[in-house]
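Take a look at the structure below.
Values reported hereafter were calculated over all heavy atoms of this structure, with side chains retained and with hydrogens, waters and symmetry mates removed. Both counts, for ligands and for their atoms, begin at 1 and track the order of listing.
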Amino acid sequence: MKLFTPTLLALGLLLCSPGFAQVASQDFDSIMLYTLKNSSGTTVTVTNYGAIITSIVVADRDGNMGDIALGYNSADDYMNAVDKPYFGAVVGRYGNRIAKGKFSINDVEYTLAVNNGENSLHGGIIGFDKVVWDATPVGDNALTLTYLAKDGEEGYPGNLVVSVTYTLTEENELKMHYQATTDATTPVNLTNHTYFNLKGEGEGTILGHELMLNAKKFTPVDEGLIPTGELRDVDGTPFDFTTAKAIGRDIEEENEQLTFGGGYDHNWVLDKEGKEGEMTLAARVKEPTTGRVLEVYTTEPGVQFYCGNFLDGRLKGKAGKPYVHRSGLCLETQHYPDSPNQPNFPSTLLEPGEKYDTTTVFKFSAE
Ligand code: GLA
């Protein structure tokens, strides 16, 4: 497999003229790397392997550019690293867990590929993060990636045509627009699994990042990280991020949910205030030393806040620095985990003739 070399990245950037957002690509067999760029110098690189966002380079409060997304320099690493933490990828057909890899639709039971203890996680063994998508640049600042997931793939029913369009705007927003159609009823839950470190990838932990989550409730889990079905108030618990606080402030508190997650690895129920299905603010993260800020907006009802509890320093990033425990945070906008088995959660079933259509925006700034 060919490398995403620094030269490749440089070439991609050279093809972009200042003042205009542009998309540039280089062909490496069927694995390509695309660069989106806007006039403030923000760049986002994306590969058609797993629809992975491989880098996000943004300014800090002094104008210093830094790459805030964890990942690798080569396609080889994405495919063959000892562990596959879904860096930057689109996960699907069903993001997060489905209990015991089983669910029923109209009394027909389906059995999925199981890859996380007894459960199915992020679409199974070969999820959407491990397949090659078709890529089409759209205009000069966007890229659409398309994939056909065949009926029966990883155990899911229905041929699913899925696409994600990444658009980098002049307002420093990365928009992710997901669409899908199916020919048989199937659960669908798509999200992006970028790990952020607003200090810069490889620059230590995210415990000092200040996080606000627009959510008064979360979905507690069992030992296998499967929701119990309860929507629990965050008030008075370490899960209260309604007012911004450092991620590390309460993370070591004695709390059964923190024990089960090895830290934060839970779904928060977003406060939509009657705006279900509309784009609302889900989260705001600020890194105090650089002043970099990430805001997340979404049409989705939930967000999985995962703080890199499974990172342990074995994987090395783009600058060769180890990704230590909790050195990246994910804000995976989504429907709640295990919805196909939870009658009280919003449905994730897509029917033939319907269109799955969700949007999430990552907005970058510094203050
Ligand atoms: C999600 C899950 C975590 C973990 C990561 C990937 O956030 O909830 O438990 O699987 O993805 O490592």
Side-chain angles (χ1 to χ4, degrees), residues 50-53 69-72 77-78 81-101 112-130 154 189-197 201 205-206 209 211 213 215 218-228 239 241 247 251 257-269 282-283 285 296 298 300 302-315 317 323-342 345 348 360 362:
I52 292 172
I53 295 171
L70 274 59
Y72 304 116
D77 283 342
Y78 282 100
V82 285
D83 199 9
K84 297 192 179 57
Y86 306 89
F87 287 147
V90 167
V91 291
R93 178 179 307 205
Y94 196 95
N96 214 282
R97 293 174 178 79
I98 294 181
K100 300 189 169 68
L112 304 174
V114 157
N115 61 335
N116 186 248
E118 58 178 9
N119 302 319
S120 185
L121 173 67
H122 293 332
I125 296 165
I126 304 179
F128 293 178
D129 60 296
K130 296 181 187 70
E154 300 297 307
N189 190 28
L190 304 174
T191 190
N192 178 275
H193 209 300
T194 293
Y195 288 64
F196 292 97
N197 186 325
E201 59 94 24
T205 79
I206 47 74
H209 286 46
L211 173 68
L213 292 173
F218 75 112
T219 52
V221 291
D222 65 16
E223 297 92 323
L225 298 185
I226 298 295
T228 60
F239 290 78
F241 285 92
I247 291 168
I251 202 169
Q257 286 298 312
L258 286 174
T259 305
F260 288 164
Y264 298 110
D265 188 357
H266 295 76
N267 172 70
W268 270 254
V269 176
V285 196
V296 180
T298 189
E300 290 280 19
V303 64
Q304 183 85 10
F305 164 47
Y306 166 64
C307 64
N309 305 309
F310 296 123
L311 298 175
D312 59 7
R314 280 179 305 156
L315 302 174
Y323 287 151
V324 298
H325 190 220
R326 298 178 179 155
S327 57
L329 68 96
C330 303
L331 291 161
E332 302 157 64
T333 54
Q334 61 180 12
H335 273 56
Y336 314 158
D338 197 34
S339 294
N341 294 308
Q342 304 271 355
F345 288 178
T348 49
T360 292
F362 294 147

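- Counting only N and O atoms by type, the side chains of H335 and E300 include a donor and acceptor under 3.5 Å apart.
- A donor-acceptor pair is defined here as one N or O able to donate and one able to accept, closer than 3.5 Å; such a pair exists between the side chain of T219 and the backbone of N267.
- Close contacts between ligand 1 and N96 involve ligand atoms 2 (C), 8 (O) [criterion: under 4.0 Å to a heavy atom].
- Counted by atom type alone, N192 and E332 present zero donor-acceptor pairs between their side chains at under 3.5 Å.
- For ligand 1, the atoms closer than 4.0 angstrom to any heavy atom of D265 are 2 (C), 3 (C), 7 (O), 8 (O), 9 (O).
- Regarding atom 4 (C) of ligand 1, its nearest protein heavy-atom neighbour is F310 CE1, 3.7 Å.
- Against a heavy-atom cut-off of under 4.0 Å, R97 is close to the following atoms of ligand 1: 2 (C), 3 (C), 8 (O), 9 (O), 10 (O).
- Close approach to E332 involves these atoms of ligand 1, each under 4.0 Å from a residue heavy atom: 1 (C), 7 (O).
- Of all the atoms in ligand 1, the ones that sit under 4.0 Å from a non-hydrogen atom of Q304 are 8 (O).
- Listed by number with element, the atoms of ligand 1 under 4.0 Å from a non-hydrogen atom of Y195 are 6 (C), 12 (O).
- Proximity of L121 to ligand 1, defined as any heavy-atom pair under 4.0 Å, is confined to the side chain (atoms from C-beta onward).
- Counting only distance, with no hydrogens or angles, the side chain of W268 and the backbone of F241 share no donor-acceptor pair below 3.5 Å.
- Side-chain polar atoms of N341 and D338 form a donor-acceptor pair below 3.5 angstrom.
- Close approach of ligand 1 to H193 (heavy-atom distance below 4.0 Å) involves ligand atoms 1 (C), 5 (C), 6 (C), 7 (O), 11 (O).
- Residues Y323 and E201 bring a donor and an acceptor atom of their side chains to less than 3.5 Å of each other.
- Using modelled atom types and a 3.5 Å distance limit, the side chains of T348 and S339 yield no donor-acceptor pair.
- Between N197 and S327, the side chains place no donor N or O within less than 3.5 Å of an acceptor N or O (distance only, hydrogens not considered).
- Nearest protein heavy-atom contact of atom 1 (C) of ligand 1 is H122 NE2, 3.2 Å.
- Atoms of ligand 1 found under 4.0 Å from any heavy atom of Y86 (numbered from 1 in listed order, with element): 6 (C).
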